[in-house]
Trainee: 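Just dropping this structure here.
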Amino acid sequence: MSAPVLDYDQTIEQFDPVLGLEVHVELGTATKMFCGCPTEFGAAPNTQVCPVCLALPGAMPTVNRTAVEYAIRIGLALNCAIAPWCQFARKNYFYPDMPKNFQTSQYDDPIASNGYLDVDVDGETVRVEIERAHMEEDTGKSTHVGGATGRIHGAEYSLLDYNRAGVPLVEIVTKPIVGTKASAPQVARAYVTALRDLLQSLGVSDVRMDQGSLRCDANVSLTPAGNPVFGTRTETKNVNSLRSVERAVRYEITRQGAVLVGGGTVKQETRHFDEASGTTSPGRSKETAEDYRYFPEPDLVPVAPAAEWVAEIRDTLPELPWLRRARLQAEWGFADKEMRDLVAGGGVELVAATVEAGATPNEARSWWTSYLPQQANTRGVALDELPITPVQLAAVIAKVNGGELTTKLAQRVVDGVLAGEGEPDEVIAARGLVVVSDDSALQQAVDEALAAQPGIADKIRRGKVQAAGAIVGAVMKATRGQADAARVRELLLATVGGAADGNG
Ligand code: ADP
Ligand code: MG
Ligand code: ZN
């Protein structure tokens with residue numbers, strides 16, 4: 001007999017999920033954590049390496065001061081205590097992409113600990129407690145060639161690129177997140193989103209999940225509803241998009257529920273998330289801390305940031321995203337829901353830049369929350385990757401306000417800019433996008449539309465507002481959206497000489 005399978009809601013009725021999120025962020029320093037090699041992404045394989053990051057015998061590491069500063073900045077922004085003294089540790093294990101056979105990390109004494117991040121989940125604030133944020137180094141990159149999956153199993157051979165070996169990382173680990181019930185997947189996603197925005201505003205990383213500069217491991221366990229003792233967790237590794245974080249957590253909850261209800265036990269293991277199927281599959285069984293034989297790194301002096309330095313970093317933290325949002329919302333006069341939708345759609349900074357370029361907040365918001373997201377969607381790019389700048393958009397908006405463009409025409413101008421046809425003025429000239437407000441041309445179009453729909457003039461005279469709309473629509477169509485709609489309506493009413501008051 002196969003195990004009874006519960007759906008998500010049934011699982012949540014019987015079990016409480018517990019989450020733990022580990023986020024690795026690659027710092028945007030110019031050089032690596034313990035040597036002077038550049039960190040730039042995308043260089044030819046093995047061109048950004050030296051004896052230190054290749055771990056050649058006798059090579060001695062030194063700590064990157066900027067990386068420590070960034071780690072402190074992250075810790076402070078997460079409301080953590082900053083250790084007055086801490087050291088690096090060796091985490092020993094073998095993997096071909098790690099030339100030292102240990103990762104230089106931190107163990108008992110992370111640079112930052114005991115903080116929190118307040119996260120907005122559908123208008124409600126959830127406080128996620130932070131256990132620690134510690135410094136470490138990235139590994140190189142293996143490419144497994146010849147197999148069907150790109151994984152090592154079934155591959156014919158593997159290629160190694162050590163350019164990334166030694167790039168500074170900060171790992172941010174939450175305390176167990178309890179009490180989220182059915183919203184666990186959304187909480188996980190909202191936390192990673194908030195953390196990403198925070199790290200971006202701190203200027204410490206480019207936070208590109210698609211390039212691996214922000215990676216999330218999601219720990220999930222289930223415990224029978226109301227039971228305070230945690231169940232066994234799995235750790236789904238390297239989930240590389242916000243959407244995947246949510247899907248992976250949701251899938252693991254349902255999978256573990258089925259295992260438990262079927263009388264099985266959840267195995268403590270790492271798992272892989274497969275984007276295509278939305279499922280996780282087992283990786284390796286989980287090492288415990290003892291397996292890594294951590295010990296203090298003998299080649300590096302401890303890090304002891306002076307209190308004055310920490311205070312200076314605290315004083316020079318940039319405006320944090322939630323404070324900035326609150327300030328902008330007040331300045332712009334947006335309702336909570338309007339602001340939430342804008343934030344959710346990733347348009348806050350775009351609206352800010354468009355307003356900065358002279359548009360009014362509401363017009364800027366309207367473009368960045370409706371027409372432009374649609375365009376981004378059809379192109380499969382992020383909103384901020386659309387090839388239109390806030391300055392260009394503000395120029396288009398100014399023309400609408402000045403009566404030179406209708407909203408429809410403005411959309412055509414934006415289409416042209418997005419299609420690479422140049423600046424708004426060039427698009428307008430090349431596509432001949434001008435508002436027709438010349439009365440004789442409009443009058444002729446009105447007359448033609450009335451002639452094409454006999455009987456409608458009568459309806460308009462009897463006050464049928466929709467009938468007027470049909471004629472205005474026909475004129476707009478005939479002029480390919482270039483007519484000044486308000487003027488068309490005036491001409492129409494004058495022509496039929498009716499009682500319709502034109503509203504609607
Ligand atoms: P590891 O070295 O195994 O990755 P960490 O301590 O770095 O362990 O991270 C484990 C993460 O899982 C932390 O976020 C922790 O809060 C969380 N966690 C611990 N126990 C559980 C549990 N039973 N269920 C879910 N998450 C858990
Ligand atoms: Mg960990
Ligand atoms: Zn190096």
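This one's a predicted model, so the numbers in the text were calculated from it and none came from an experiment. Read the numbers this way: they start at 1 and go in the same order the structure lists the ligands and their atoms.
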Trainee: I'd like to check Glu349 versus Pro390 (side-chain heavy atoms, cut-off strictly below 4.5 Å). Are they in contact?
Mentor: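 No. Closest side-chain heavy atoms not under 4.5 Å.
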
Trainee: Using the six-membered ring wherever Trp is involved, compare the ring planes of Trp332 and Phe334 and label them parallel, tilted or perpendicular (cut-offs 30° and 60°).
Mentor: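 Taking Phe334 first and then Trp332, their aromatic rings sit tilted (interplane angle of 30° to 60°).
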
Trainee: Is the charged tip of Arg250 near the ring of Tyr8: under 6.0 Å from the six-membered ring centre and within 45° of its axis?
Mentor: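 Geometry flag: set, cation within 6.0 Å and 45°.
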
Trainee: Spell out, as yes or no, whether a donor-acceptor pair under 3.5 Å connects the side chain of Asn92 to the backbone of Arg293.
Mentor: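 Pair found, side chain donor or acceptor close to backbone of Arg293.
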
Trainee: Under 4.0 Å, heavy atoms only, figure out whether ligand 1 is touched by the backbone of Glu22, its side chain, both or neither.
Mentor: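 Only the side chain of Glu22 comes within reach of ligand 1.
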
Trainee: Are side-chain N/O atoms of Thr236 and Glu252 paired as donor and acceptor at under 3.5 Å?
Mentor: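 The criterion, which ignores hydrogens and geometry beyond distance, is not satisfied for Glu252 and Thr236.
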
Trainee: State which residues pass ring pair (Phe, Tyr, Trp, His ring centres under 6.0 Å) with Phe34; sequence neighbours excluded, sorted by chain then number.
Mentor: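 With neighbours one apart ignored, the set is Phe88.
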
Trainee: Which of the protein's N, O or S atoms come within less than 2.8 Å of the Zn ion (ligand 3), not counting waters?
Mentor: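 Under 2.8 Å from the Zn ion (ligand 3) - ignoring waters, which are not counted - the protein N, O or S atoms are Cys35 SG, Cys37 SG, Cys50 SG, Cys53 SG.
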
Trainee: Using a strict cut-off of 4.0 Å, indicate which atoms of ligand 1 neighbour a heavy atom of Gly231.
Mentor: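 Per the distance check, 23 (N).
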
Trainee: Quick check: Ser221 and ligand 1, any N/O pair under 3.5 Å apart?
Mentor: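 The answer is yes, given that Ser221 and ligand 1 share an N or O pair closer than 3.5 Å.
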
Trainee: Inspect the surroundings of CD in Gln211 and state if more than 12 heavy atoms from other residues, nucleotides or ligands are less than 6.0 Å away.
Mentor: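 Result for CD/Gln211: enclosed.
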
Trainee: Looking at ligand 1, is there an atom of it that comes within less than 4.0 Å of some heavy atom belonging to Glu235?
Mentor: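 So Glu235 counts as touching ligand 1.
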
Trainee: Taking the side chain from Thr223 and the backbone from Val229, do they hold a donor-acceptor pair closer than 3.5 Å?
Mentor: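 Judged by distance alone, yes, a pair lies under 3.5 Å.
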
Trainee: Within a distance under 4.0 Å of any heavy atom of Val173, pick out the atoms of ligand 1 and give their elements.
Mentor: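 It comes down to these atoms of ligand 1: 9 (O), 13 (C), 14 (O).
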
Trainee: Quick one about Lys141 and Asn163 (side-chain donor to acceptor, distance below 3.5 Å, no hydrogens or angles considered), yes or no?
Mentor: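 No, Lys141 and Asn163 have no side-chain donor paired with an acceptor closer than 3.5 Å.
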
Trainee: Below a 4.0 angstrom heavy-atom separation, can you tell me which part of Leu19, side chain or backbone, both or neither, approaches ligand 1?
Mentor: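 Backbone only.
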
Trainee: Heavy atom under 4.0 Å from ligand 1: found in Leu21's side chain, backbone, both, or neither?
Mentor: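 It is the backbone that gets close, since no side chain atom is under 4.0 Å.
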
Trainee: So, Glu423 and Gln392: side-chain donor and acceptor under 3.5 Å apart, yes or no?
Mentor: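 Side-chain D/A pair, Glu423 to Gln392: present.
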
Trainee: Of all the atoms in ligand 1, which lie at a distance below 4.0 Å from a heavy atom belonging to Gly20?
Mentor: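 The list of qualifying atoms is 12 (O), 14 (O), 17 (C), 26 (N).
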
Trainee: Are any of the N/O atoms in Phe230 less than 3.5 Å from those in ligand 1?
Mentor: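 N/O-N/O distance under 3.5 Å: no.
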
Trainee: Above 12 or not: heavy atoms from other molecules or residues under 6.0 Å from CD of Glu124?
Mentor: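 Check fails, neighbour count at 12 or below.
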
Trainee: Using a strict 4.0 Å cut-off to heavy atoms of Lys175, name the atoms of ligand 1 that fall inside it.
Mentor: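 In order of number, 16 (O).
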
Trainee: Within the side chain of Ser366, is there an N or O that forms a donor-acceptor pair under 3.5 Å with the backbone of Asn362?
Mentor: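 Pair absent, no side-chain N/O of Ser366 close to backbone of Asn362.
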
Trainee: Can an N or O of Pro176 be found at a distance shorter than 3.5 Å from an N or O of ligand 1?
Mentor: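 Checking ligand 1 against Pro176, an N or O pair does fall under 3.5 Å apart.
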
Trainee: Among Thr174, Ile172, Asn219, Ile130, which residue places a heavy atom closest to atom 13 (C) of ligand 1?
Mentor: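 When every heavy atom of Thr174, Ile172, Asn219, Ile130 is considered, Thr174 comes closest to atom 13 (C) of ligand 1.
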
